[in-house]
Amino acid sequence: MVRERERIRVRTSDGRSAEFPRGTTGHSIVEVLFPEKAPHAVGIEVNGTIYDLCRPILEDASVRVLTFEDPEGKQIFWHSSAHLMAEALEALYPGIKFAIGPPIEQGFYYDVEPPEGVVITAEDLPRVEAKMRELAERDVPFERLEVSWEEAVRYYREHWNPYKLEILEELRGQPITFYRQGNFVDLCKGTHVPSTGMLRYPKLLNIAGAYWRGDSRNRMLTRIYGICFPEQKQLDEYLRLREEAERRDHRKLGRELELFLLTPAVGPGLPIWLPNGTVLRRTLENFLRREQLKRGYQEVITPHIGNLELYKTSGHYPYYADSQFPPMVLEEQERYLLKPMNCPHHHQIYASKPRSYRELPLRLAEFGTVYRYEQSGELNGLIRVRGFTQDDAHIYCAPEQLKDEIKAVIELTQYVFRIFGMPVDIRLSFRDDNAAKYGGDLALWERAQREIQEVADELGLRYTIGLGEAAFYGPKIDFIVRDALGRRWQLGTVQVDYVMPERFRLEYIGPDGQAHRPVIIHRAPFGSLERFIGILIEHYAGNFPFWLAPVQAVVLPITDAQHVAALQLTEALQQAGYRVQADLRSERLQRKIAEAEHRKIPFLLVLGRREVETSTVAVRRHGFGDQGSRTVEELLRWFAELNVPGAERAHSNA
RNA sequence: GCCACCGUAGCUCAGUGGUAGAGCGGCUGAUUUGUAAUCAGCGGGUCGGGGGUUCAAAUCCCUCCGGUGGCUCCA
């Protein structure tokens, strides 16, 4: 009997199993059952719990080996990297205090309090990084130490660290684990890689301030961000992607391609659309406008300001007074607000006359410009601004129509992002337990959340649920798109709202002759045109598809002798509705081509003596090079094919 | 708003105490050119604003404004 308990049985997910002595470690199991993974293993999942490879296993177990390739493995790897960075920091800045150092989606950070009088800046990072490499070279094991709560507290009283003590306060009475590598010891629940030798390719990325516990009333700590890889080539690839992202920065491309202008002379976060950017924006608007008209939307226009009382009725004003431009006060009782959202205006349209169930769903759409006083530190190019235009619409429908309307909105949103070749992830954003954050009746909330989830299930969508991500008046469906570099952006949103119909006392007369309350769907596929275009610039790296390109073609005569032909061609293409310019300067063709390529113009149309004589045009396409000659008719057919949303996939050619 | 860093010509940047520089762009002229930058000449900046230290400030200090990376926030 005793002997039985000395052995444990270990099963793998691919159906193999073996016996081990009780108290065996992940190391032994990996070496026996997964010899090919042994050098790369960072941890082991034991009956659903993640263990260090050095931790004894005491019972029968189903196991899974984790490497850097697994999401959980990456977290272990980066968490360990944070500890390695901490060890390096402690070596370079004796007396530095550590707060928290977790892994994040891409890498890790550690929040630290530098010793009195010391400021760590970006210039110090290479030194820290070099120290990390040096420590990794030593290849020492990470050890897991179990201690009592009292011992842990004693340790941090001696090595005075208020942050760790505060963390321990929340763990009062529980057994505590420490991890040690080399001379560095840290309070940590784990898990960690077996040894520092795996962490040879770190890169410290940036440094920033961060409040302790994320609370702006607390002390600001120094946060150092980094990343680390098992192989040099993975680090190289990561750094290459970062450089590519920098190269595509929409603020840089926006200036170079003359799309928009941000100037303090107008105000922070208040973009001006230049002619090229205006083409982009209007083209996108017209695209969506057409799709909406096909789907039964009606377009409206509302003023940029509204009576403050309107926003009190909606409940937005007291909730969000901080993030609005202050009201304009005309007289004691007459105050106006720059509109922070379009909703209340649209509700007035609904409420402007009695409504019958026969009118529902009523779908009101507006490219509505709104103003929000975002904190100065929050502003970022077109991504986050103080004045922006939503592709907004409100759908007023009977409760029994709600699910079909949500489905139609999801279909539209998915259609839109397919056009841009952006994959979409869906998040159902529901409320959490913090009742103070939300308005309206709990029963209505639960109903809305249930219906949203039912629709998502009926459509067979893959989704995640984000608790606490809801708007104050209702749950949402958020669309998170991935761009050409794989970065994720939250764009479109669909929100179900039972609260505003109550607040505005919206009604319709049903078939039974009685008044009923409609439900409102708020939705915006792009979210905001500014933000979407900012993302689109980076997605395409400024190489816009033909249908979106601000200038679609430039005509390049080789000598003055082709000027007349060049002007005729330009005009013919313009008459056909294309955005075409002629470059008549007395420059060499090479220069004209170089400049047009820098402007990322999709088509360069070269006219020399040969072309004029044969009534053709030599075509060069951005990203594809010389395409040979075409007649104007052939060119027009080609243009017509390309001038359709979604006709081209995103390409990343320079 | 908070922390760190930054702000010199339209753009990219050099100039760390001795009264402002380059390349590109711009303008003018020459050149008439065949698939990524022809040559020459000419303009252009109260060095982000204000205050201070100094015989002397782009340079050192203070302050305000703006930007970048984060934090908080994001209807």
Side-chain angles (χ1 to χ4, degrees), chain A residues 109 111 114 119-125 205-225 246 249 251-252 255-256 258 261-265 267-269 311 314-317 319-324 339-344 370 372-381 383-384 390 392 437-439 469-474 476 490 493 495 497 499-500 522 524 527-528 531 556-563 585-599 604-611 618-622 625-628 654:
Chain A
Y109 67 79
D111 283 348
V119 174
I120 303 176
T121 73
E123 284 165 21
D124 301 317
L125 296 184
L205 300 167
N206 51 37
I207 191 163
Y211 301 109
W212 166 240
R213 300 254 138 142
D215 189 327
S216 55
R217 287 165 303 192
N218 287 338
R219 180 188 182 114
M220 183 160 278
L221 302 168
T222 302
R223 174 171 296 180
I224 303 175
Y225 285 89
E246 207 172 307
D249 189 315
R251 293 165 299 196
K252 180 169 160 276
R255 191 168 48 234
E256 289 171 4
E258 298 186 18
L261 177 67
L262 281 164
T263 165
Y311 306 102
S314 70
H316 288 109
Y317 186 68
Y319 270 86
Y320 297 105
D322 287 350
S323 53
Q324 288 165 192
K339 77 173 166 185
M341 71 284 303
N342 304 299
C343 322
V370 298
R372 298 176 188 178
Y373 192 77
E374 304 292 356
Q375 296 180 85
S376 58
E378 208 42 55
L379 301 174
N380 173 285
I383 305 292
R384 199 121 166 100
Q390 298 176 309
D392 211 355
K437 274 163 70 182
Y438 309 103
E469 301 281 352
F472 85 87
Y473 51 74
K476 308 187 287 181
Q490 191 195 316
T493 175
Q495 308 175 2
D497 178 3
V499 173
M500 292 303 147
H522 306 243
S528 101
R531 182 174 160 81
L556 307 178
I558 293 176
T559 74
D560 293 356
Q562 289 85 41
H563 278 191
R585 295 171 307 163
S586 72
E587 293 288 353
R588 293 157 66 172
L589 178 64
Q590 293 169 58
R591 165 170 281 265
K592 293 186 185 182
I593 287 175
E595 288 183 11
E597 291 283 1
H598 285 303
R599 293 169 64 200
L604 313 188
L605 307 174
V606 176
L607 285 180
R609 200 162 57 113
R610 284 203 298 275
E611 286 72 25
V619 179
R620 179 182 165 118
R621 206 172 159 199
H622 180 62
D626 196 339
Q627 304 287 297

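Below, read A as the first sequence line, B as the second, and so on, with proteins coming before strands; counting in each chain starts at 1. Model, not experiment: these values are computed from the prediction.
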> What is the distance, to the nearest angstrom, from the CD atom on A:Gln590 to the P atom on B:A37?
6 Å

> For A:Glu256, I'd like to know if atom CD has over 12 heavy atoms of other residues, nucleotides or ligands within 6.0 Å.
yes

> I need the single residue from A:Gln627, A:Arg621, A:Glu597, A:Arg599 that forms a side chain to side chain contact (heavy atoms under 4.5 Å, CB included) with A:Leu604. Which is it?
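For A:Leu604, the side chain to side chain contact (heavy atoms under 4.5 Å, CB included) test succeeds with only one of A:Gln627, A:Arg621, A:Glu597, A:Arg599, which is A:Glu597.
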
> Taking N or O atoms only and anything under 3.5 Å, show me the protein contacts with nucleotides 2-8 of chain B, one pair per line.
| unit_1 | atom_1 | unit_2 | atom_2 | d |
| --- | --- | --- | --- | --- |
| B:C2 | O4' | A:Tyr211 | OH | 3.3 |
| B:C2 | O2 | A:Tyr211 | OH | 3.3 |
| B:C3 | O2 | A:Gly209 | N | 3.1 |

> Give A:Arg620 one of three labels, base, sugar-phosphate or nothing, depending on what nucleic acid heavy atoms sit under 4.0 Å from its own.
base

> If each of A:Gly608 and A:Met341 is mapped to the nucleotide of RNA chain B with the nearest heavy atom, which maps nearer the 5' terminus, i.e. the 5' end?
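This one resolves to A:Gly608.
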
> If we take the P atom in both B:G15 and B:U68, what is their distance in whole Å?
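My reading of the P atoms in B:G15 and B:U68 gives 24 Å.
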
> Nearest to the side chain of A:Glu611, heavy atoms from C-beta on, is which of B:G34, B:G69, B:A36?
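Within the option list, the nearest is B:G34.
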
> OP1 or OP2 of B:A37 sitting under 4.0 Å from any side-chain N/O of A:Arg585?
no

> Just by modelled atom types, is the A:Ser323 backbone N or O under 3.5 Å from a matching donor or acceptor in the A:Arg372 side chain?
no

> Using a heavy-atom cut-off of under 4.0 Å over every strand shown, decide if A:Arg251 touches base, sugar-phosphate, or nothing.
sugar-phosphate

> Taking the nucleotide of RNA chain B with the closest heavy atom to each, which residue, A:His316 or A:Leu379, is nearer the 5' end?
A:Leu379

> From the list B:C74, B:A75, B:G66, which nucleotide is the closest neighbour of the side chain of A:Pro264?
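Looking only at heavy atoms from C-beta outward on A:Pro264, the closest nucleotide is B:G66.
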
> Salt bridge between A:Arg213 and A:Asp215, side-chain N to carboxylate O under 4.0 Å?
no

> Tell me whether the side-chain N/O atoms of A:Arg591 come closer than 4.0 Å to OP1 or OP2 in B:U32.
no

> With a 3.5 Å distance limit and no angle check, can you tell me whether A:Asp124 reaches the backbone of A:Thr121 through a side-chain donor-acceptor pair?
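Present.
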
> Would you classify A:Ala618 as touching base, sugar-phosphate or nothing, given that sugar-phosphate means primed atoms plus P, OP1 and OP2, and contacts are heavy atoms under 4.0 Å?
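Counting heavy atoms under 4.0 Å across all strands, the contact made by A:Ala618 includes a base.
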
> Got a salt bridge between A:Arg591 and A:Glu595, using NZ or NE/NH1/NH2 to carboxylate O under 4.0 Å?
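Salt bridge flag = yes for A:Glu595 with A:Arg591.
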
> Taking CZ from A:Arg588 and P from B:A30, how many angstroms apart are they, rounded to a whole number?
18 Å

> Is B:A22 paired to anything, Watson-Crick or G-U wobble with both distances less than 3.5 Å, and if yes, which nucleotide?
B:U12

> What is the separation between atom CD on A:Glu258 and atom P on B:G25, rounded to the nearest whole Å?
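For the pair A:Glu258 CD and B:G25 P, the rounded distance is 14 Å.
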
> Within the 4.0 Å heavy-atom criterion, would you say A:Asp560 contacts the bases, only the backbone, or no part of the nucleic acid?
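Base contact.
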
> Ignoring hydrogens and geometry, is there a side-chain-to-backbone donor-acceptor pair from A:Lys592 to A:Val606 under 3.5 Å?
no

> For A:Gln490, does its backbone N or O pair with a side-chain atom of A:Arg531 as donor and acceptor, under 3.5 Å?
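Between the backbone of A:Gln490 and the side chain of A:Arg531 there is a qualifying donor-acceptor contact (under 3.5 Å).
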
> In this structure, how many angstroms lie between the C1' atom of B:C74 and the CD atom of A:Gln375, rounded?
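These atoms are roughly 9 Å apart.
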
> So what does A:His522 hit on the nucleic acid, given a heavy-atom distance under 4.0 Å: a base, only sugar-phosphate, or nothing?
nothing

> Determine: side-chain N/O of A:Arg372 to OP1/OP2 of B:C74, distance under 4.0 Å, yes or no.
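So the side-chain polar atoms of A:Arg372 never come under 4.0 Å of the phosphate oxygens OP1 or OP2 of B:C74.
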
> Would you mind pulling out the nucleotide paired to B:U68, Watson-Crick or G-U wobble, both distances under 3.5 Å?
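B:A4 - that is the nucleotide pairing with B:U68, both distances being under 3.5 Å.
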
> Without decimals, in angstroms, what is the distance between A:Leu125 CG and B:G70 C1'?
13 Å

> Which whole-number value in Å describes the distance from A:Tyr109 OH to B:G69 C1'?
15 Å

> Take the protein atom CZ of A:Arg219 and the nucleotide atom C1' of B:C71, then report the distance between them rounded to whole Å.
15 Å

> Phosphate oxygens OP1/OP2 of B:G69: is one of them under 4.0 Å from a side-chain N or O of A:Asn380?
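Affirmative; the distance criterion is met.
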
> Side chains of A:Leu379 and A:Glu374: closer than 4.5 Å at any heavy-atom pair?
yes

> Quick one: do the A:Gln495 and A:Tyr473 side chains pair a donor with an acceptor below 3.5 Å?
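Indeed, the side chains of A:Gln495 and A:Tyr473 share at least one donor-acceptor pair under 3.5 Å.
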
> Would you say B:U12 has OP1 or OP2 under 4.0 Å from some side-chain N or O of A:Arg255?
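For A:Arg255, the contact criterion (side-chain N or O under 4.0 Å from OP1 or OP2 of B:U12) is met.
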
> Would you classify A:Gln324 as touching base, sugar-phosphate or nothing, given that sugar-phosphate means primed atoms plus P, OP1 and OP2, and contacts are heavy atoms under 4.0 Å?
base

> Tell me which nucleotide among B:A75, B:C11, B:U33 gets nearest to the side chain of A:Ile558.
B:U33

> Identify whether any heavy atom of A:Ser314 sits under 4.0 Å from a base atom; if not, whether one sits that close to sugar-phosphate; answer base, sugar-phosphate or nothing.
nothing

> May I have the distance from A:Leu605 (atom CG) to B:U35 (atom P), rounded to whole angstrom?
16 Å

> Nearest to the side chain of A:Glu597, heavy atoms from C-beta on, is which of B:A75, B:A37, B:A36?
B:A36

> Out of B:C74, B:A75, B:G67, which has the shortest distance to the side chain of A:Lys476?
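Comparing B:C74, B:A75, B:G67 against the side chain of A:Lys476, the answer is B:A75.
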
> Base, sugar-phosphate, or nothing: which does A:Tyr225 touch, judged by heavy atoms less than 4.0 Å apart?
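Touches sugar-phosphate only.
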
